There are 2 protein chains.
Amino acid sequence: MWQLYQFPLCPFSRKVRLVLGEKGIAHELWRENPWEGRAEFFALNPAGRTPVLHDPDKGLSLCDSRAICEYLEETSERAPLIMGTAAARAEIRRLVALFDENFFADVTGPLLHEKMKKRLVLRQAPDSRVLRETMRLAHEHLDYIDYLVDNRPWLGGATLSLADLAAAAHLSVADYLGGIDWNGHEQARAWYSVFKSRPSFRPLLAERMEVIQPPSHYSDVNA
Amino acid sequence: MWQLYQFPLCPFSRKVRLVLGEKGIAHELWRENPWEGRAEFFALNPAGRTPVLHDPDKGLSLCDSRAICEYLEETSERAPLIMGTAAARAEIRRLVALFDENFFADVTGPLLHEKMKKRLVLRQAPDSRVLRETMRLAHEHLDYIDYLVDNRPWLGGATLSLADLAAAAHLSVADYLGGIDWNGHEQARAWYSVFKSRPSFRPLLAERMEVIQPPSHYSDVNA
Ligand SMILES: N[C@@H](CCC(=O)N[C@@H](CS)C(=O)NCC(=O)O)C(=O)O
Ligand SMILES: N[C@@H](CCC(=O)N[C@@H](CS)C(=O)NCC(=O)O)C(=O)O
């Protein structure tokens with residue numbers, strides 16, 4: 001069976017978990033804290049990053065969440081997530097990159113540093129100036145999601161795609177860490193609340209990471 | 001005809017140019033300095049980043065170099081660059097991500113900031129502490145390339161693939177900026193010097209970016 005090396009607040013692992021869930025692919029979750037730099041984990045992924053999707057029977061280790069998602073798309077026929085014409089597929093992949101790179105650099109990455117790593121590893125207080133800046137940038141990204149939702153049924157086009165899963169993965173981590181103010185983003189909020197009740201998403205929302213507690217609206221499907 | 005928005009030292013644009021060259025796809029080069037933040041460019045790519053591959057006749061704008069490469073792979077039959085079994089394709093994509101993310105974060109990105117942006121835009125001197133650190137990290141990456149070349153004909157496996165093109169794109173930018181010390185990396189050097197004489201690579205090596213001059217070995221195929 002597949003083993004997914006991950007930790008609960010890793011947005012890239014969440015994206016892969018949503019893909020595994022949508023496609024109904026059996027897997028075990030293996031907890032990995034990449035900041036510990038375990039030698040056995042570096043043997044699976046020389047970049048030392050989560051997620052890694054590992055099949056011990058085949059001796060196969062897949063690294064990098066986008067490479068993993070392409071692999072799952074190529075090997076599973078259920079629930080296509082990168083579909084349509086070549087141009088439509090390019091649009092889905094553009095949006096995945098936008099969330100994995102720009103949203104991560106602006107919002108999820110700094111929030112994980114300030115609110116998770118400083119709390120659990122560095123034992124420091126978060127920097128409120130950085131938190132204000134992530135909140136400001138999150139509003140800009142939410143404006144763009146509002147705009148997409150105004151123009152299309154789902155973020156990447158006519159159907160649910162990997163673009164929605166990538167966006168939901170990052171937004172859910174940012175929301176857990178108190179970094180999302182949904183006020184004024186009714187379209188994004190409506191899209192996200194439909195998403196929150198999907199069976200692939202429920203197990204993620206029920207999970208907690210150590211002493212870090214999410215705000216009360218976080219796993220409330222009606223919020 | 002395709003228009004590629006790019007600047008000479010953008011490693012992601014270089015990767016796309018190598019793909020276009022290998023596949024023999026006609027295109028024009030359009031110079032874009034993303035740091036100028038032109039409104040017309042943001043209309044093509046809301047992330048404001050190079051490269052963008054634009055077809056004005058079809059009104060099509062492809063953004064994010066990995067999405068662009070997947071598109072070209074899906075629409076052109078010539079010179080496959082992501083090939084083999086699903087696991088082999090995942091390995092190629094893992095390596096592309098390693099160069100585009102880790103090598104860029106450790107080496108190409110800081111070098112572009114210190115040696116290009118500070119010179120052309122900020123009018124500041126480079127920070128020699130940062131340059132020493134990029135050199136140290138470049139040696140670690142070159143060690144990994146040595147290891148790959150010891151074990152496989154090409155970086156991603158038995159044949160030339162997108163992994164080689166991504167690596168060559170980043171290495172060539174770092175080499176241009178004087179950030180690569182090839183000493184002690186005979187395998188990497190041999191792999192790279194074969195690459196340097198490919199017809200897809202020659203035009204890139206002949207180009208110069210404004211006042212910034214590369215070291216003398218940079219475009220020498222025998223060095
Ligand atoms: N491009 C990678 C990024 C993975 C990534 O950055 N993971 C973080 C955790 S959220 C990590 O492991 N960071 C540790 C490190 O970079 O050393 C992917 O999509 O899988
Ligand atoms: N993931 C993107 C990264 C592109 C990128 O970072 N391009 C740089 C130039 S080398 C850029 O435009 N930077 C300007 C910015 O990020 O604002 C890709 O693969 O195309």
Side-chain angles (χ1 to χ4, degrees), chain A residues 12 16 42 44-49 51-55 58-76 82-106 109 140-141 143-145 147-148 156 162-163 166, chain B residues 12 16 42 44-49 51-55 58-76 82-106 109 140-141 143-145 147-148 156 162-163 166:
Chain A
F12 309 100
V16 171
F42 271 82
L44 297 181
N45 181 3
R49 291 172 148 187
V52 172
L53 190 61
H54 180 61
D55 183 336
K58 295 195 189 132
L60 185 63
S61 291
L62 306 176
C63 307
D64 180 66
S65 67
R66 275 188 263 173
I68 296 171
C69 293
E70 296 283 347
Y71 176 94
L72 295 172
E73 190 69 10
E74 290 176 1
T75 53
S76 153
I82 310 174
M83 71 292 263
T85 62
R89 294 159 64 89
E91 174 65 358
I92 292 166
R93 292 189 179 107
R94 172 183 80 83
L95 290 168
V96 172
L98 193 71
F99 288 101
D100 280 358
E101 299 182 13
N102 300 75
F103 192 95
F104 182 75
D106 292 343
E140 289 184 9
H141 285 281
D143 284 342
Y144 189 62
I145 296 177
Y147 157 83
L148 291 175
L162 191 59
Chain B
F12 308 101
V16 171
F42 271 81
L44 296 180
N45 181 4
R49 292 172 148 187
V52 171
L53 189 62
H54 180 61
D55 183 335
K58 296 196 186 129
L60 186 62
S61 292
L62 306 176
C63 307
D64 181 66
S65 67
R66 274 188 264 172
I68 296 171
C69 293
E70 297 282 348
Y71 176 94
L72 296 172
E73 189 69 10
E74 290 176 2
T75 53
S76 153
I82 311 174
M83 71 291 265
T85 61
R89 293 159 65 88
E91 174 65 359
I92 292 167
R93 293 189 179 107
R94 172 183 80 83
L95 289 168
V96 172
L98 194 71
F99 289 102
D100 280 358
E101 299 183 11
N102 300 75
F103 192 95
F104 181 74
D106 292 342
E140 290 185 10
H141 285 281
D143 284 341
Y144 190 62
I145 296 177
Y147 158 82
L148 291 175
L162 191 59

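This structure is a prediction, so every number in the text was calculated from the model and none was measured. Each chain gets a letter, A, B and so on, in the order the sequences are listed, and its residues count up from 1.
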task = Could you go through the salt bridge (charged side-chain N to carboxylate O under 4.0 Å, His left out) check for B:R66 and A:D100 one step at a time?
result = CA-CA 12 Å; B:R66 274 188 264 172; A:D100 280 358; over 6 Å; no
ask   = Run the salt bridge (charged side-chain N to carboxylate O under 4.0 Å, His left out) check on A:E74 and B:R93 step by step: do they pass?
value = CA-CA 13 Å; A:E74 290 176 1; B:R93 293 189 179 107; 3.2 Å; yes
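The two residues B:A90 and A:A67 make their nearest non-hydrogen contact at O-CB, 3.9 Å. Residues A:Y144 and B:P46 share a closest heavy-atom pair of OH-CG, 3.5 Å.
Of the listed residues B:E91, B:E101, B:K58, the one with more heavy-atom pairs under 4.5 angstrom with chain A than any other is B:E101.
For the pair B:R49 and A:N102, the minimum side-chain heavy-atom distance is below 4.5 Å.
Interface remark: B:R89 contributes side-chain atoms only to the contact with chain A (heavy atom separation under 4.5 Å).
Remark: A:F42 CZ is packed, more than 12 non-hydrogen atoms of other residues, nucleotides or ligands lying under 6.0 Å away.
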